[in-house]
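Heads up, the thing below is written out as structure tokens.
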Amino acid sequence: YDKLKLEGAEKDQAMFQAKMDSLKANPNSEKAFEKEKIELRKQIDFLNQEVILFGNNLGYFAKSKGADILRKEVENKIEISKNKIVDLKKKLKMLSSEQVN
């Protein structure tokens with residue numbers, strides 16, 4: 001992947017596609033796909049809980065310079081988690097469509 005000069009999302013997608021190809025080659029591919037789906041759903045659930053927790057914590061920051069820095073950090077973590085959720089949902093959709101084929 002490094003030789004292909006893939007970075008970020010492209011690299012992640014290529015690696016996931018390779019993983020799906022190996023799942024298809026597995027003699028128990030149906031079980032392997034289901035196991036991968038379950039794992040992705042667990043990650044999505046965990047990240048959703050994390051977003052909720054971070055959102056609740058935002059209300060506890062007082063208005064001060066130090067709190068503003070912490071608030072921005074927490075908001076950044078929320079945004080990162082939301083982006084990860086979107087990526088995981090895309091992978092889940094790819095798995096579902098690949099399993100049908």
- Asp21 meets the side chain to side chain contact (heavy atoms under 4.5 Å, CB included) criterion, sequence neighbours left out, with Gln17, Lys24
- Item | Within 6.0 Å of CD in Gln43, more than 12 heavy atoms from elsewhere | yes
- Single-linkage hydrophobic cluster Leu88~Phe46, side-chain heavy atoms < 4.5 angstrom: yes
- Message: Within the structure provided, determine whether Ile44 and Asn48 are in side-chain contact (heavy-atom separation under 4.5 Å).
- Response: yes
- Message: If hydrophobic clusters are built from ILVMFWY residues whose side chains come within less than 4.5 Å, do Ile80 and Val51 share one?
- Response: no
- Task: Please determine if Glu34 and Lys37 form a salt bridge, counting it only when a charged side-chain N lies under 4.0 Å from a carboxylate O.
- Result: yes
- Task: Measure across Leu95 and Phe33 and return the closest heavy-atom pair with its distance rounded to 0.1 Å.
- Result: CD2-CD2, 3.2 Å
- Task: Give, for atom CD of Glu39 and atom CZ of Arg41, the distance between the pair rounded to the nearest 0.5 Å.
- Result: 11.5 Å
- Task: Give, for atom CG of Leu47 and atom CD1 of Ile78, the distance between the pair rounded to the nearest 0.5 Å.
- Result: 12.5 Å
- Task: For residues Glu36 and Phe16, report the shortest heavy-atom separation together with the two atoms involved.
- Result: OE2-CE1, 4.0 Å
- Item | Nearest atoms (heavy-atom pairs only) where Asn26 meets Ala32 | ND2-CB, 3.8 Å
- Which pairs, with at least one residue in residues 77-90 and sequence neighbours excluded, count as a salt bridge (Lys or Arg N to Asp or Glu O under 4.0 Å)? none
- Query: So, does Ser29 use its side chain to make a donor-acceptor pair with the main chain of Ala25 at under 3.5 Å?
  - Reply: no
